[in-house]
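Atoms considered below: every heavy atom in the structure, side chains included; atoms not considered: hydrogens, waters and symmetry mates.
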Amino acid sequence: MMELETLRLAEAFFARKPEALPSVRAFLLEALERWPETEIVTQKSQVGLRDPRPFCALTAPGKHVKGRAVPGALLSLFLPRPLETEALILAVEAYPGRFTNHLILPADPADFPAELWSWTGEARRFRCGKG
C-alpha cells in the first residue's frame, strides 16, 4: 500500500507536466521491479530514488532547456563519469569523481535508450554499493 502512495505523490509532482506521466510512471515502476528495496522520495524540487543513498532523480524542467525542446521530464543519474549519449543535456562534476548526468527522459517509454537500465544500475552500485 505504501508503494501506491509513493507513486501517487511522484505522479502528483508531475501534474503540471502531464506529458511526462507515462515515462515517469514507467521509469518508477521498472526501477521498483528491478530493485524492490528502492525508496521513492518526492521532494519540493524532485522525485528521488535511493537505496539508502540517492542514485537518481526525476525533475520537471521549466521553460528552457539549452538547445532542446523542453522535455516533460529530466532524469539525473549520479555516476563516477560523464555519459556519452545524445540524450545527455549536461554532465556536471558535482563533487570530485561524481558526475550528475542530466538526460531527457523520452515521453514514450518505448523510446527509452537501450542503455538506460545499465546506466541506472551503475548509478545505484556507485552511490549505494549494491549490485
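- Applying the ring-ring contact (aromatic ring centres under 6.0 Å, His included) test to every pair with at least one member in residues 104-126, sequence neighbours left out, gives these pairs: Phe27-Trp117.
- A 4.5 Å side-chain heavy-atom check between Leu29 and Leu7 finds at least one atom pair inside the cut-off.
- Screening residues 21-30 for salt bridge (Lys or Arg N to Asp or Glu O under 4.0 Å), with sequence neighbours left out, gives Glu11-Arg25, Glu30-Arg34.
- Here Ile104 contributes atom CD1 and Asp111 contributes atom CG; the two are 12.0 Å apart, rounded to the nearest 0.5 Å.
- For Phe55, the ring-ring contact (aromatic ring centres under 6.0 Å, His included) test picks out no residue, with sequence neighbours left out.
- Other residues, nucleotides and ligands contribute only 12 or fewer heavy atoms inside 6.0 Å of the CD atom of Glu84.
- Atoms CG and CD1, on Leu9 and Ile40 in that order, are 10.0 Å from each other to the nearest 0.5 Å.
- The two residues Pro109 and Ala26 have their closest heavy-atom pair at CG-CB, 3.5 Å.
- Taking the side chain as every heavy atom from C-beta outward, Pro80 and Phe99 never approach each other to under 4.5 Å.
- Every pair passing side-chain hydrogen bond (donor to acceptor under 3.5 Å, both in side chains) that includes a residue from residues 93-104 is listed here, sequence neighbours excluded: Ser76-His102.
- Contact annotation: the side chain of Cys56 approaches that of Leu75 to within less than 4.5 Å [non-hydrogen atoms, C-beta and beyond].
- The cluster map of Ile, Leu, Val, Met, Phe, Trp and Tyr, joined by side-chain heavy atoms under 4.5 Å apart, puts Trp35 and Leu77 in the same cluster.
- Taking a cutoff of 4.0 Å between a charged side-chain nitrogen and a carboxylate oxygen, Arg8 and Glu5 qualify as a salt bridge.
- Annotation: the span from Thr6 atom OG1 to Leu32 atom CG amounts to 6.5 Å, rounded to 0.5 Å.
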Go through the steps for Leu58 and Leu74 under the test side chain to side chain contact (heavy atoms under 4.5 Å, CB included), then give the verdict.
CA-CA 6 Å; Leu58 294 160; Leu74 289 178; over 6 Å; no
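- If you take SG on Cys128 and CZ on Phe78, they are separated by 10.5 Å, rounding to the nearest 0.5 Å.
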Could you pull out every donor-acceptor pair under 3.5 Å between side chains of residues 45-53 and any protein atom, sequence neighbours left out?
residue, atom, partner, partner atom, Å
Gln46, NE2, Gln43, OE1, 3.3
Arg50, NE, Glu39, OE1, 3.1
Arg50, NH2, Glu39, OE1, 3.4
Arg50, NH2, Glu39, OE2, 3.4
Asp51, OD1, Lys130, NZ, 2.9
Asp51, OD2, Arg124, NE, 3.2
Asp51, OD2, Arg124, NH2, 2.7
Arg53, NH1, Arg127, O, 2.4

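- The OG1 atom of Thr85 sits 7.0 Å away from the CG atom of Leu103 when rounded to the nearest 0.5 Å.
- With values rounded to the nearest 0.5 angstrom, Asp108 atom CG is found 13.5 Å from Glu19 atom CD.
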